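These values consider heavy atoms only, across backbone and side chains, with no hydrogens, waters or symmetry-generated copies. Predicted model, so just to flag it, every value in this text is computed and none were measured.
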Amino acid sequence: MSDVTYPADGFALYPDRSVVALRVNGELKDLATLVSETDAVEPVTSDSPDGLSILRHSTAHVLAQAVQRIRPQANLGIGPPIENGFYYDFGVDEPFTPEDLKAIKKEMERIVRENQRFVRRVVTDDEARAELADEPFKLELIGLKGPSAGSGTAMAKVEGASVEVGAGELTIYDNVNRDGETVWKDLCRGPHVSGTRVLGNGWDLTRIAGAYWRGSEKNPQLQRIYGTAWPSKDELRAYQQRLEEAAKRDHRKLGRDLDLFSFPDEIGSGLSVWHPRGGVIRGEMEQHARKRHIAGGYTYVYTPHISKQDLFLQSNHLVTYKEGMFPPIRMDEEVDENGEVTKAGVDYYLKPMNCPMHILIFKERARSYRDLPMRLAENGTVYRNELSGALHGLTRVRGFTQDDSHLFVTPDQLEAETTRVLEFVISMLRDFGLDDFELELSMRDDEKSKWIGSDEFWEYSTNALRNVAHASGLKVTEVPGEAAFYGPKIDLKTKDAIGRTWQLSTVQVDVNLPERFELEFTDRDGQKKRPIMIHRALFGSIERFFAILLEHYAGAFPVWLSPVQVVGIPVAEEYADYLEDVIAALQVEGVRAEIDRSDERMQKKIRTHTTQKVPLMLIAGEQDRSGGTVSFRFRDGTQENGIPIADAVRRVQHAITAHTLVDTADDFA
């Protein structure tokens, strides 16, 4: 680089086409940005997380330009990058159709070939309003801009708004053609790739959906177009193949096909009922977790589904989380015979979280350091007022059961107890067949106004969680600024069978609620002190974890979780009584076993139970009856013959107690 004269732009520094942007002194900048010799400059490649976001955001701009070429009256909403892709929202008179999507894609291909340049331009608020006078949603965003446009503000509540405006200067990105003409523009913070040709052919449009402006049903409903973008066509194809596999594993489809759960319209959106087979799996999950928790020193408690508003005022949920709570239910009002109110009513709320009630259990009596750590556990059903458009099978519902735990510890117990919690969580998830984990440590940043609690608390608790995370031996990513306002946390993420990442368990440190509820314990020195509270959800919610497992196993659960573990299939009706005796022997040992005595032919029965993902099919004919044996058929179609009945019972029991995934004869040792 010695022949470069400073200041230089990124094109001179990094001619490699895989470099799509720069990080200059820690900030992402366009490749055309001029830099000096004293600047710390790093290349941002298209295959890095930041590079992918820039690539996807630039593709969203091309989508918006294509839509306005086809429908000039379409108003622009917001078009941020998201995981695996991007979207853009539009205000249009008529909803988009699949045919529209094809036309928009062709127009995007033309824009990509035109190799328009993305050119950044700083504007004043008045200039932006004048240039975007016909874009009401953009004008609204300009009105929200300001120094307070950070976490917890009106701006932060506009989904994806950070790609448009923030606390700093306003910028517009012009799309400039080869003749130097600006052919399109959009309010945007950037950065972007240098030109549309960089996007190549590694992108596609995926679907159309409705979305309320600013995420509120009180606002107009817009049309949202989703897409995906990758550095190459090969990576796009690989992603599309993953999507095809994910569609086969969709827990909503499997739930119907395997008769596990449903969402009856008569009950309401986002409220599930569990069918007998789904109930068996859920029961096994809960019972196993309960045994492990009790062995781990937890005590189970039970709390109501509803509470007076005072509890949620004291916990501050009615201030910080009211939009996520169901409307109040007015109760306890008393009237006399004349209809006059003699006692005012009180508002009750369905609980959105279990923690305030667990706090009241702690507070019910005086506590000593000898009582700590106190580990409370509950399978507590909670209710969230989710928007209908956000609901998604069991992964996003309005009523769900959290396997919730709250631990009350002394400050000097924090690191040891967090270590114990994390080890317990990982061990439990491994019981369910998940074994690819990494951790994310969410910490505070330097913006002092966002956080409560002393510097000493933050330093101590963050270091404790950092020590625990790194001692685990797992990959740890530290994320400044993503802590809860009252304390740091560790999030555990896992990958499923097709490589998707899911966030599961959270370990959250909290000194805020102990302070708000004035919790105390008497320490060794006789002084009253505040405990530290640890919030810990292992599954997150039982419903969501069930959905993850269902997709992870594609419905073919390990034997211990399968609703039907063994099904008996006689070669002919004359062998049914013999097989009934074998099934009865298994049932005595607690195995979920049944016999198929339907009039269907044997091969049809095998196909039916294979489709239902039954792990073990027990087959018997003349040779088995004569020899006191049975034959096993497995989900992959392999078979093992001539197994003595006692040995067969023992091997089934072993497969259950060992939590074995049995798909083939080789798995059934």
Side-chain angles (χ1 to χ4, degrees), residues 254-262 274-285 287 550 553-669:
L254 290 169
R256 288 190 302 272
D257 294 346
L258 301 179
D259 193 22
L260 303 176
F261 59 86
S262 61
W274 292 68
H275 301 186
R277 293 194 172 199
V280 169
I281 302 171
R282 176 169 175 160
E284 288 290 336
M285 291 167 56
Q287 289 163 30
L550 186 54
Y553 289 115
F557 285 102
V559 183
W560 75 284
L561 286 174
S562 296
V564 178
Q565 295 165 325
V566 180
V567 64
I569 302 175
V571 171
E573 179 59 28
E574 64 181 286
Y575 306 110
D577 289 344
Y578 170 73
L579 206 46
E580 283 272 20
D581 292 339
V582 181
I583 294 298
L586 288 165
Q587 291 172 338
V588 166
E589 298 299 330
V591 178
R592 293 188 291 275
E594 58 189 46
I595 188 168
D596 186 343
R597 300 196 71 156
S598 67
D599 293 333
E600 300 288 352
R601 294 172 60 250
M602 183 184 74
Q603 292 303 324
K604 175 67 183 304
K605 293 178 182 180
I606 289 173
R607 285 195 298 273
T608 297
H609 296 295
T610 299
T611 301
Q612 287 297 301
K613 316 285 187 180
V614 176
L616 300 171
M617 283 171 273
L618 203 59
I619 300 172
E622 180 56 41
Q623 190 171 350
D624 288 305
R625 185 170 64 179
S626 300
T629 63
V630 290
S631 298
F632 279 98
R633 186 180 176 91
F634 305 95
R635 284 191 281 226
D636 72 336
T638 57
Q639 196 158 313
E640 188 173 352
N641 302 322
I643 302 174
I645 293 173
D647 191 30
V649 172
R650 179 189 60 78
R651 289 170 70 176
V652 170
Q653 288 178 298
H654 174 74
I656 294 169
T657 56
H659 290 192
T660 304
L661 181 63
V662 178
D663 287 328
T664 71
D666 290 340
D667 298 331
F668 194 56

Please check if the side chain of [X] supplies one atom and the backbone of [Y] the other of a donor-acceptor pair under 3.5 Å.
| X | Y | result |
| --- | --- | --- |
| Ser562 | Pro615 | no |
| Thr638 | Ala665 | yes |
| Tyr553 | Leu661 | no |
| Glu594 | Val567 | no |
| Gln612 | Asp257 | yes |
| Arg633 | Gln639 | no |
| Lys605 | Ser598 | yes |

Polar side chain donor-acceptor pair, [X] to [Y], under 3.5 angstrom:
| X | Y | result |
| --- | --- | --- |
| His275 | Ser262 | yes |
| Thr657 | Gln653 | no |
| Thr664 | Asp636 | no |

Might you point out which heavy atoms bring [X] and [Y] nearest each other, and give the distance in Å?
| X | Y | value |
| --- | --- | --- |
| Ala648 | Val630 | CB-CG2, 3.7 Å |
| Leu579 | Pro570 | CD2-N, 3.5 Å |
| Trp560 | Ile656 | CB-O, 3.3 Å |
| Phe261 | Gly255 | CE2-CA, 3.6 Å |
| Ala556 | Lys613 | CA-CB, 4.0 Å |
| Val652 | Phe632 | CG2-CZ, 3.8 Å |

Rounded distance [0.5 Å steps], [atom1] in [X] versus [atom2] in [Y]:
| X | Y | atom1 | atom2 | answer |
| --- | --- | --- | --- | --- |
| Ile595 | Leu618 | CD1 | CG | 8.5 Å |
| Glu573 | Asp599 | CD | CG | 8.0 Å |
| Glu580 | Gln587 | CD | CD | 8.0 Å |
| Ile281 | Leu258 | CD1 | CG | 7.5 Å |
| Gln565 | Phe557 | CD | CZ | 12.5 Å |

Quiz item: Step by step, would you call Phe634 with Asp663 a side chain to side chain contact (heavy atoms under 4.5 Å, CB included)?
Solution: CA-CA 6 Å; Phe634 305 95; Asp663 287 328; over 6 Å; no

Quiz item: Does the salt bridge (Lys or Arg N to Asp or Glu O under 4.0 Å) test come out yes or no for Arg625 and Asp577, once each step is laid out?
Solution: CA-CA 10 Å; Arg625 185 170 64 179; Asp577 289 344; over 6 Å; no

Self-check item: Verdict with supporting geometry, Met617 and Arg635, side chain to side chain contact (heavy atoms under 4.5 Å, CB included)
Solution: CA-CA 8 Å; Met617 283 171 273; Arg635 284 191 281 226; 5.6 Å; no

Exercise. Give the C-alpha distance, both sets of side-chain angles, the deciding distance and a yes or no for side chain to side chain contact (heavy atoms under 4.5 Å, CB included) between Leu616 and Phe668.
Key: CA-CA 9 Å; Leu616 300 171; Phe668 194 56; 4.1 Å; yes

Exercise. Let me know which of Leu254, Leu550, Val280 forms a side chain to side chain contact (heavy atoms under 4.5 Å, CB included) with Leu260.
Key: Leu550

Quiz item: Any ion pair linking Glu284 and Arg592 (charged N to carboxylate O, less than 4.0 Å)?
Solution: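 So Arg592 pairs with Glu284 through a salt bridge.
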
Quiz item: Is it true that Arg277 and Asp259 make a salt bridge, defined as a side-chain N closer than 4.0 Å to a carboxylate O?
Solution: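 The answer is no: the pair does not qualify as a salt bridge.
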
Self-check item: Thr660 vs Pro558 side-chain heavy atoms within contact, under 4.5 Å
Solution: no

Exercise. Only counting residues at least two apart or in another chain, list the ones meeting salt bridge (Lys or Arg N to Asp or Glu O under 4.0 Å) with Asp667.
Key: none

Self-check item: Results of salt bridge (Lys or Arg N to Asp or Glu O under 4.0 Å) for Arg651 - residues two or more places apart only
Solution: Glu640, Asp647

Quiz item: Could you go step by step and tell me if Ile643 and Thr629 meet the side chain to side chain contact (heavy atoms under 4.5 Å, CB included) rule?
Solution: CA-CA 5 Å; Ile643 302 174; Thr629 63; 5.6 Å; no

Self-check item: Stepwise salt bridge (Lys or Arg N to Asp or Glu O under 4.0 Å) test for Arg650 and Glu589
Solution: CA-CA 10 Å; Arg650 179 189 60 78; Glu589 298 299 330; over 6 Å; no

